[in-house]
Amino acid sequence: MKNILARGGIEFLAVLLGITASLWIDKNQKESDIELDTINVHKIIQKEISQIIQFTDERLEYYNQQNENIVYLFDNFETFIVDEIENPKQLIYDIFTTGTYMYNPNFSTFDALKSDGRFNLIDNELRKKISELTMLMDYIKKIEDNENKARGVLLNYISTNHPEMHYQYPHSGWLQSDGKSENFLRILENTRSDKSVWSLLSRKCRLTRSRNSRVKWAKDMLMSIQEELMTINSNINVLQ
């Protein structure tokens, strides 16, 4: 009887040890999978951030030129002569366009990581910085929306209060390459005594420059995120 109980106890211990070992192996495998996912996520984000920085640099190069033309126009608003401007088409493009050079970096990878839950694997401090960057992106988008609305208000004011100018220099030719690219400048030249035109255009351009300055902030945040990612990934490579 004692032998039977002893044999039963041994079998029970063997089963218990087997279950414990299986759970330990499963736990270690899950931890290993999470660690591998964490490594991959940080590398994916580093690649995405590098691409966004490249896009941001391209936008900032244009925004710097845009700022210069906006400053030039308002510094010379009372005296500029359209026929003496070297590149009226570019000047008009810089002070009037809202859509072509909007700041719209691709955050699809971040969205995908949030959807499948892997975003939570990111280092806490890094995740905080990325969240702050996302908030800044939302703010920039609001500025651009307001800029586009301000552009519409300006157009509506000119067509309502200066229909003869709008008719003589139709808006369809403002950004065309058929010799009419200076049309909007001619409208400004002939309506600059109306300070409301100056005021509405000024608001539109202030929003433009506000967006441009915020994109510079975004670049600084992106560089900080990139530096942290490089440190994290460098430490991971050392441990591997």
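If you chain together hydrophobic residues whose side chains sit under 4.5 Å apart, Met102 and Leu60 never meet in one group.
Residues Ile95 and Leu188 form a side-chain contact, since some pair of their non-hydrogen atoms from C-beta on lies under 4.5 Å apart. In this structure, Tyr139 and Arg214 have side chains that are in contact, with non-hydrogen atoms separated by less than 4.5 Å. Counting heavy atoms from C-beta on, the side chains of Glu228 and Ile225 never come closer than 4.5 Å. By the 4.5 Å heavy-atom criterion applied to side chains, Thr97 and Tyr101 are not counted as neighbours. Using a 4.5 Å cut-off on side-chain heavy atoms (C-beta onward), His162 and Ile187 make no contact. Looking at heavy atoms from C-beta onward, Asn161 lies out of side-chain contact with His166 at the 4.5 angstrom threshold. Residues Tyr62 and Tyr93 are in side-chain contact: their nearest non-hydrogen atoms beyond the backbone lie under 4.5 Å apart. You'll find the side chain of Gln65 reaches within 4.5 Å of the side chain of Gln90, heavy atoms only.
Considering every non-hydrogen atom in both Met165 and Thr191, the closest pair reads CG-CG2, 3.8 Å. The heavy-atom pair separating Arg151 from Thr98 by the smallest distance is CD-CG2, 3.5 Å.
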#### Entry: Test side-chain contact (heavy atoms from CB on, under 4.5 Å) applied to Phe55 and Gln51, step by step
CA-CA 6 Å; Phe55 172 83; Gln51 292 173 346; over 6 Å; no

### Task
Please test Glu182 against Lys89 for side-chain contact (heavy atoms from CB on, under 4.5 Å), starting from the C-alpha separation and ending with a verdict.
CA-CA 6 Å; Glu182 76 281 3; Lys89 182 178 180 179; over 6 Å; no

### Query
Could you walk me through whether Tyr103 and Asn212 pass the side chain to side chain donor-acceptor pair (under 3.5 Å) check?
CA-CA 9 Å; Tyr103 185 65; Asn212 295 353; over 6 Å; no

### Message
Ile130 vs Ile45, test: side-chain contact (heavy atoms from CB on, under 4.5 Å). Steps then yes/no.
### Response
CA-CA 10 Å; Ile130 292 174; Ile45 291 178; 4.3 Å; yes

### Task
Show your working on side-chain contact (heavy atoms from CB on, under 4.5 Å) between Ile44 and Arg118 and close with a plain yes or no.
CA-CA 11 Å; Ile44 289 170; Arg118 286 185 295 165; 4.2 Å; yes

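In this structure, Glu58 CD and Tyr63 OH are separated by 11.0 Å, a value rounded to the nearest 0.5 Å. Distance check, rounded to the nearest 0.5 Å: CD1 of Ile122 to NZ of Lys114 gives 8.5 Å. One distance of note links CD1 of Ile52 with CD1 of Ile49; it measures 4.5 Å at 0.5 Å rounding. Rounded to the nearest 0.5 angstrom, Leu154 CG and Ile158 CD1 are separated by 4.0 Å. With values rounded to the nearest 0.5 angstrom, Asn69 atom CG is found 10.0 Å from Ile92 atom CD1. Taking SG of Cys205 as the start and CG of Leu73 as the end, the distance is 7.0 Å to the nearest 0.5 Å.
Checking side-chain atoms of Thr160 against main-chain N and O of Tyr157 turns up no donor-acceptor pair under 3.5 Å. Counting only distance, with no hydrogens or angles, the side chain of Asp123 and the backbone of Leu126 share a donor-acceptor pair below 3.5 Å. Using a distance-only test at 3.5 Å, with no hydrogens or angles considered, no donor-acceptor pair links the side chain of Arg186 to the main chain of Val82.
Using modelled atom types and a 3.5 Å distance limit, the side chains of Asn64 and Glu68 yield no donor-acceptor pair. The closest side-chain donor-acceptor pair between Ser131 and Arg127, if any, does not fall under 3.5 angstrom.
Pairs passing the salt bridge (charged side-chain N to carboxylate O under 4.0 Å, His left out) check and including a residue from residues 195-211, sequence neighbours excluded, read Glu78-Lys195, Glu144-Arg211, Glu147-Lys204. Counting only residues at least two apart or on different chains, the side chain to side chain donor-acceptor pair (under 3.5 Å) pairs with a member in residues 218-227 are Ser50-Gln226, Asp57-Lys219, Lys129-Ser224.
Using a cut-off of 4.0 Å between Lys/Arg side-chain N and Asp/Glu carboxylate O, Lys141 and Asp145 are scored as salt-bridged.
For Phe96 and Phe184, the distance between ring centers is under 6.0 angstrom. In this structure, Phe80 has its ring center no closer than 6.0 Å to that of Tyr72.
Glu61 CD: 12 or fewer foreign heavy atoms inside a 6.0 Å radius. In Phe107, the CZ atom is crowded: over 12 heavy atoms of neighbouring residues, nucleotides or ligands sit closer than 6.0 Å.
Between Phe74 and Phe77, the angle of the ring planes stays under 30°, which puts this pair in the parallel group of the 30/60° scheme.
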